[in-house]
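Here the structure comes first, spelled out in structure tokens, and everything after it is commentary.
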Amino acid sequence: MTTNKSKSPDSLRSARWYAPDDLRAFGHRSRAMQMGREPSDWEARPQIAIINTWSDINPCHTHFKHRVEDIRRGILEAGGFPIELPALSLAENFVKPTTMLYRNMLAMEVEELLRSHPVDGVVLMGGCDKTTPGLVLGAVSAGLPAIFVPAGPMLRGNWQGNVLGSGSDAWKYWDERRAGNISRDDWIAIEGGIARSYGHCMTMGTASTMTAITEAMGLTLPAASSIPAADANHIRMCAASGRRIVSMVWEELTPDRIITSSAVNNAVTVAMATGCSTNAVIHMIAMARRAGIDMTLEDFDQASRDIPVIANVRPSGKHYLMEDFYYAGGLRALMTRLTDYLELNALTVTGETLGETLQGAEVFNDEVIRPLSNPVYREGSLAVLRGNLAPDGCVIKPAACDPRFHNHTGPALVFDSYAEMKAAIDDEDLDVTADHVMVLRNVGPLGGPGMPEWGMLPIPTKLVKQGVRDMLRLSDARMSGTSYGACILHAAPEAAAGGPLALLRTGDLIHINIAERRLSMEVSDDELARRRTEWTPPKPAFSRGYGWMFAQHIKQANEGCDFDFLETGFGPAVGEPDIY
Ligand code: FES
């Protein structure tokens, strides 16, 4: 790895706090000594922030309490000094209404933590869904050298010898329970077996997708994202990341040198080849735009047509989980199969190019990481649809749904809220067939609020008992990356912002044609104009606080759901005026 020094010790950012012979610096030095530190702990020594998203309520980050010590060890070994800074832990399963409401809060917290403290570089500890984009967004805007430490996937789940995958098998067995095919005792045993270790979800859900994207963008050490959380290699990766960030400070290897359009293209390529979570679209657009790269939904649609899905990992793939993916060679191995699509000259945190970091990587299991000649899906990781229901676009995973829905017409069954849908879903008299399109609206960025993962609407119990396991569903919500089925998501503009989805009525015919990338309702423009005169926006969820601010500034899904005032158009990150 490159360790060339291009920065002098007295030009370290932290020296602005510690070096001057004045009263302010006296305060900083004396208070550091109050914590038992010596001048040698800060003099000519990079101060490295470790932003840790550990908490007592985040099972995906349980091990961060220990891993942070390994990162500290690495930083000290390389001549830096660690400063742990806790941040929002955003536990996906516990935070209501959705962690997505707080992704931007974490991003702002990271940017401000780094801006306001005497640190020269940062190690970002994340993995549970929104923590990865939240940390990266903040670090990109702060502009200090940054390296990402992924939490790593948990071990495979197990129930009576059956392999269980995060999320996917919860939905699957819940349908079986509603159909009366498994007992309550079975269900309780599944609860105890589906999450067997610390680490993030081990399907190719949002967490695995986002950490893979982060590695593909060059922000982690090579191979970091695939290592299971419970594997000793994960401990070594943490220490190595700590060592590497110190060199990155001396090399002034800042995120703007790494997150270039080449890096972003590489991330999209890898996302497509892994059969990524639909959430990746939103987060990637936001991250790219923070880096000044104007990414749109069309970039994903085009990539989806070009790049085959070769990671045979659930939910897009069959059978396998992240632990299998790691044993098959992990992300580096997958990228060796994509060299014709990747921009191999992109710089990584190692100081080497992506191409250099792939040297020596190989695939050990062609069934888990398929060759391009035998993909899981030729194309179709994601498709972007447009039409009079979603003029600014919406997304679907064609590969994850029953092919009969690729070209389908059916009547809408519209719910205005999650509560309304939930109250109706078990009703045996519900007027619904397998050809209906179930619609949930007012659950977008503004309406949700925060765009919860409600887009995989449950199949009505009446239909589940008839054996129906997939049907078309449409919403302005997101869905979990571990979900599957014919779910059209992220409809933009959302209903709560006055998008045409708000004008749809139960019984209207909806057409979907994935090959033509079209989604429309059979309602005339005149009738839509008439309905608009009758439409009133839903009452805002918040009248004060963060939620109120969120509603004033959140952008739509096709624009990455960032706050308008955080994008690069608002100017460079704020520094620390010398006067302080
Ligand atoms: Fe944390 Fe799935 S709940 S990654």
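All ligand and atom numbering here is 1-based and tracks the order in the structure.
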For this session: Take R441 and E494 through the test side chain to side chain contact (heavy atoms under 4.5 Å, CB included) and record every step on the way to the result.
Result: CA-CA 8 Å; R441 66 186 173 200; E494 63 174 300; over 6 Å; no

Exercise. With a cut-off of 4.0 Å, which atoms of ligand 1 are near a heavy atom of C60?
Worked result: 1 (Fe), 3 (S), 4 (S)

Exercise. When the ring planes of Y198 and H63 are compared, do they come out parallel, tilted or perpendicular, using 30° and 60° as the limits?
Worked result: parallel

Exercise. In this structure, are over 12 heavy atoms from other groups packed under 6.0 Å from H553 atom NE2?
Worked result: yes

For this session: Heavy-atom contacts with D129 under 4.0 Å: which atoms of ligand 1 show up? List them by number with element.
Result: 2 (Fe), 4 (S)

Exercise. Using the benzene-type ring in the case of Trp, are the ring centres of F542 and W548 under 6.0 Å apart?
Worked result: no

Seminar exercise, completed: Near N93 (heavy-atom distance under 4.0 Å), the atoms of ligand 1 are 3 (S)

Exercise. Side chain, backbone, both or neither: which part of C128 comes within less than 4.0 Å of ligand 1 when only heavy atoms are counted?
Worked result: both

Problem set entry | ligand 1 contact on C201 by region, counting heavy-atom pairs under 4.0 Å | both

For this session: Indicate yes or no for a side-chain donor-acceptor contact from R332 to the backbone of T357 under 3.5 Å, with no hydrogens or angles considered.
Result: yes

Problem set entry | Ligand-side contact atoms (ligand 1) for residue partner E92, heavy atom cut-off under 4.0 Å | 3 (S)

Exercise. In terms of atom number and element, which parts of ligand 1 are under 4.0 angstrom from non-hydrogen atoms of A207?
Worked result: 4 (S)

Exercise. Does the separation of the ring centres of Y546 and Y102 fall below 6.0 angstrom?
Worked result: yes

